[in-house]
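Just so we're clear, the structure is a prediction, and the values are computed from it rather than from any experiment. Every number for a ligand or one of its atoms is a count from 1 in the order of the listing. Along the sequence shown, the residues carry numbers beginning at 1.
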Amino acid sequence: MTLWSGRFDTAPDPAAFDFGISFGFDRALFEDDVTGSIAWAEALAAAGVLSAADATSIVNALREILEQGRRDPAWVAGPDEDVHSFVERQLVDRVGDAGRRLHTGRSRNEQVSLDLRLYLRRRIGLLQQAVVKVVAACADQAEQAGAAMMPSYTHLRRAQPVLVAHFFLSHASAIRRDYGRLVTAANEADALTLGSGAIAGTSYGVDTSLLARKLGFSRVVSNSMDASSDRDFVASFLYSVSLGMVHLSRMAEDLIIFTGEEYGFFDLADASATGSSMMPQKKNPDPLELVRGKTGRAIGRLTGWLATMKGLPGGYNKDLQEDKETVFDAEKTYAVSLAATHAVVSRLSVNAERSGRAASGLLLATDVADYLVSRGMPFRRAHEVVGAMVRRLLAEGRDFSVMSMAEWREASEMFGDDAPQAATALASVQARRTPQSTNPDAVRAALNACRAWVASPS
Ligand code: ARG
């Protein structure tokens, strides 16, 4: 029995009907569906549409249903078309005709949007907590790294020395922004759809503002036609998940590279790696690779959803039912990826000797040029002078640290006795002056700011 069998002569063809059944996945909305229905029953009673007695028996039965579903999630199952039909069937089983009055003035079109909005507002909070944990793990690594140094890269070629802490805080900075995007997605879901009816609005005097407040919404949708087809909040959520995954993926890629034999700046904990069935020496960064791989899947959910929405005519269309598996999959993908990233990052160790060694040598060329600039040489000229030094050192397989004073002077009269000291990784980071730089004091302040954010994220 469906909620709409009245106008049909025959039972539906399973090939068509079963295809449209969503209960297998929209049962995740059970809690939200019941919550919304309790509020709707109270609103109908307040509007004089339901008697106080009917409203009481409906609300009590719905509370019972909610309790039972929470106690035994496997009970939320059956031949029903969707979760809304399941809840209504359970209600009618318990309270008969009173239960048949609950759907007065309401449509599943607004109901399903309400449920998904309630669901997302609940679940986004959990994702945000997981995001904060990853940022905290980056901050812990930054703290533990202390004065350790590593090269930074542009074009994946050695660029300039940075503190290892600066590297970890760079990823923390990006991931912190993801928290803000989740806030935006939650705000977008923050509008009550009840009162929209199937599309034209409802003809009962329901106080939608009160209903919104009761369900924790700060506003009511502004147009019933728009509301029945609007899934922008789904797209915003999928976008925030996608970009969040992109950031996890980029950190994963950095860590895959920097924990590999060729770099060896960091070591993956044994607990964060897997072995090979054939090559005994292998220690593979599978969790990081999976985070990178699953990012494609999250982006696919976003682009897939935009494609689903783009051709829809106004009002509700069944295509919109695709929103749920999309949201649930993106949410799960992000949640497991955040957990895996947290696990890997928090157990990572820094190989300061090796990363520090890689942070010296010819990547100090900019600092040598800056030295000449500090003596009055125009930067373009200094760039040329140092470029010539680099060319020669490269040919001889040497670097700045082994040059004699005579060689410095030969390169330029302007090099004083203190020139060799300028060409060290420590001098290089200390020479940075801006708050966003890798200057050790600036990094310490950034770490404190990051810690403060973790304590009170926004
Ligand atoms: N299962 C449907 C969905 O997810 C519920 C809304 C059904 N509305 C309708 N007019 N068939 O979108």
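- Considering backbone and side-chain N/O atoms, Y316 comes within less than 3.5 Å of an N/O atom of ligand 1.
- For K283, the NZ atom counts as densely surrounded, since its 6.0 Å shell holds more than 12 non-hydrogen atoms of other residues, nucleotides or ligands.
- Partner of R176 under the side chain to side chain contact (heavy atoms under 4.5 Å, CB included) criterion, out of P457, C450, S458: C450 alone.
- With hydrogens and angles disregarded, a donor-acceptor distance shorter than 3.5 Å links the side chain of T193 to the backbone of E110.
- The proximity of K324 to ligand 1, defined as any non-hydrogen pair under 4.0 Å, is limited to the side chain.
- Note: an N/O pair closer than 3.5 Å links Q321 and ligand 1 by distance alone.
- Under a 4.0 Å criterion applied to the non-hydrogen atoms of S22, ligand 1 contributes the atoms 1 (N).
- Listed for the Q321 side chain is no donor-acceptor partner under 3.5 Å among the backbone atoms of K318.
- For the pair D367 and R432, the salt-bridge criterion is met [side-chain N within less than 4.0 Å of a carboxylate O].
- What sits closest to atom 8 (N) of ligand 1 on the protein, heavy atoms only, is N109 OD1, 3.0 Å.
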